[in-house]
Amino acid sequence: MNQDRTPSMGQVTPATGSAALPGVRPLDPWIESYADRTHGMRASEIRALFAVANRPEVVSLAGGMPYLEGLPLQALAETAHELILRRGTTALQYGSGQGDETLREQILDIMRLEGISAHPDDVVITTGSQQGLDLVTRMFIDAGDVIVAEAPSYVGALGVFRSYQADVYHVPLDEAGLIPEALEEALTLLRTAGRRVKMLYTVPNFHNPAGVTLSMERRPRILEIARRHGVLVVEDNPYGLLGFDGEPLPAMRSMDDEGVVYLGSFSKTFAPGYRIGWAVAPPGIREKLVLASESAILCPSNASQLAISTYLAKHDWQGQIKAFREVYRERRDAMLEALAEYMPEASWTVPGGGFYTWVKLPYGLDARAMLPRAVHALVAYVAGTAFYANGEGSEYMRLSYCYPTPERIREGVRRLGTVVSEEAELVKLFGVEGRHDEDAVDQPGPEVS
Ligand code: PMP
């Protein structure tokens with residue numbers, strides 16, 4: 001893990017209070033006091049770029065924001081109004097640490113679509129699945145423990161793992177998801193090296209960032225390998241119901257209710273603003289999850305839970321998910337067509353659902369180094385290095401098609417194609433060495449979901 005240290009008080013004199021120059025941020029006088037776990041928390045140089053990327057003239061293929069204009073906003077406003085009028089003293093009060101029971105029952109209906117049968121007691125409501133990730137990591141990881149994760153992996157999970165001082169070991173995936181043979185090899189190697197592997201973190205459906213889905217055939221094999229090595233599987237599944245073709249695949253949790261912690265979310269199938277997700281865990285883990293969650297937040301927001309519960313009861317939520325799927329499928333098609341037209345020298349995954357495609361640049365190109373030029377050309381993406389704990393991935397970029405309209409996606413990819421062709425030309429002229437330059441930017445912060 002990256003353990004870069006900030007300068008110590010002995011080396012620098014903090015410029016604080018009135019002595020600080022106007023406009024210059026004084027050095028933090030608390031530098032010596034921070035816990036070791038904060039050393040992995042790095043501010044992102046990319047933030048400055050993203051401030052630019054959020055300008056309307058820039059086509060952002062970077063963020064993972066869902067398309068909320070498709071929601072029945074008027075009806076949701078009326079529901080929220082009614083909720084406060086009729087149930088305000090409950091909605092605005094503290095609630096249960098495990099979460100609202102009616103909502104937990106409704107969540108069982110959602111999970112049934114992916115073959116999961118569980119009891120409401122198995123479900124713990126979280127503040128987004130991000131909190132579920134944080135709690136599970138807090139419960140299982142001591143500094144130096146190993147988490148095995150796909151190469152690449154969701155940037156927000158890597159941030160959590162870093163903050164608990166885990167070592168991440170990446171295992172490759174291909175078009176059919178995590179490769180079982182590679183997992184077996186990695187776990188054997190780690191065991192031989194005397195390392196303590198606690199978790200396998202996986203996003204089996206419409207992977208963020210890779211866009212691929214773990215095949216039906218591989219699911220039981222991955223579970224069997226993890227079980228044999230005594231490794232808990234954390235199945236992070238915010239996109240599972242956003243498939244473009246056919247029925248959702250059975251969740252890994254539906255095949256193993258002892259060895260899997262399942263994380264679900266309303267963020268992509270409804271709205272992230274309420275910040276409601278959930279975890280399903282075997283009884284021992286679930287009890288600790290509730291305690292860990294109570295110590296972090298006391299209880300999830302009652303107002304959010306009741307709003308979502310009412311939405312599920314009163315609205316055609318399955319119809320809404322279907323409508324979202326259609327929107328995202330059209331955008332995925334626009335993205336793939338534009339890539340074929342404007343970036344033929346690159347290669348990319350073909351996502352069967354979700355928000356992202358993973359693009360491999362032509363030989364010698366560095367997505368991290370290229371980003372300032374792309375933003376200058378008014379298009380933004382996330383460089384592949386953000387999705388690796390070890391600095392790899394510079395030849396990849398993640399492109400999101402969830403938010404911009406098909407026309408904007410086309411225009412964004414056209415702009416990106418021009419930058420890529422120019423960079424490839426420079427590589428041809430000056431070789432690879434010349435293109436790994438100092439303009440490279442650091443990993444993105446949490447604004448890149
Ligand atoms: N896991 C994955 C794979 C994600 O893509 C995201 C959001 N981008 C999350 C977890 C967190 O989602 P939330 O906290 O909004 O439920």
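Just follow the structure's listing: the first ligand is 1, and inside any ligand the first atom is 1.
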Inset, instruction - For Ser309, check side-chain hydrogen bond (donor to acceptor under 3.5 Å, both in side chains) against everything at least two apart and list the hits. - result: Gln106
Give the atom numbers and elements of ligand 1 that come within less than 4.0 Å of a heavy atom of [X].
X	value
Arg275	13 (P), 14 (O), 15 (O)
Ser265	13 (P), 16 (O)
Pro238	1 (N), 2 (C), 3 (C), 4 (C)

Legend entry - Residues forming a salt bridge (charged side-chain N to carboxylate O under 4.0 Å, His left out) with Glu105, sequence neighbours excluded: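 In terms of salt bridge (charged side-chain N to carboxylate O under 4.0 Å, His left out), with neighbours along the sequence ignored, Glu105 is linked to no residue.
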Legend entry - Presence of salt bridge, Glu341 and Arg410, under 4.0 angstrom: yes
Legend entry - Pair Asn237-Tyr262, side-chain hydrogen bond (donor to acceptor under 3.5 Å, both in side chains): steps then yes or no: CA-CA 7 Å; Asn237 187 33; Tyr262 175 96; 3.0 Å; yes
Inset, instruction - Only heavy atoms count here, so choose which of Gly63, Gly64, Ser267 is nearest to atom 15 (O) of ligand 1. - result: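 Checking each option, the heavy atom nearest atom 15 (O) of ligand 1 is found in Ser267.
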Inset, instruction - Ignoring hydrogens, just give me the one of Trp278, Phe206, Tyr154, Tyr239 whose non-hydrogen atom is nearest atom 5 (O) of ligand 1. - result: Tyr239
Legend entry - ligand 1 contact by Lys268, heavy-atom criterion under 4.0 angstrom: yes
Inset, instruction - Kindly assign one of parallel, tilted or perpendicular to the pair Phe206 and Phe244, based on the angle between their ring planes and the thresholds 30° and 60°. - result: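 Geometry flag for Phe244 against Phe206: parallel rings.
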Legend entry - Short N or O distance, Ser129 and ligand 1, threshold 3.5 Å exclusive: yes
Inset, instruction - Please check if the side chain of Ser394 supplies one atom and the backbone of Thr385 the other of a donor-acceptor pair under 3.5 Å. - result: no
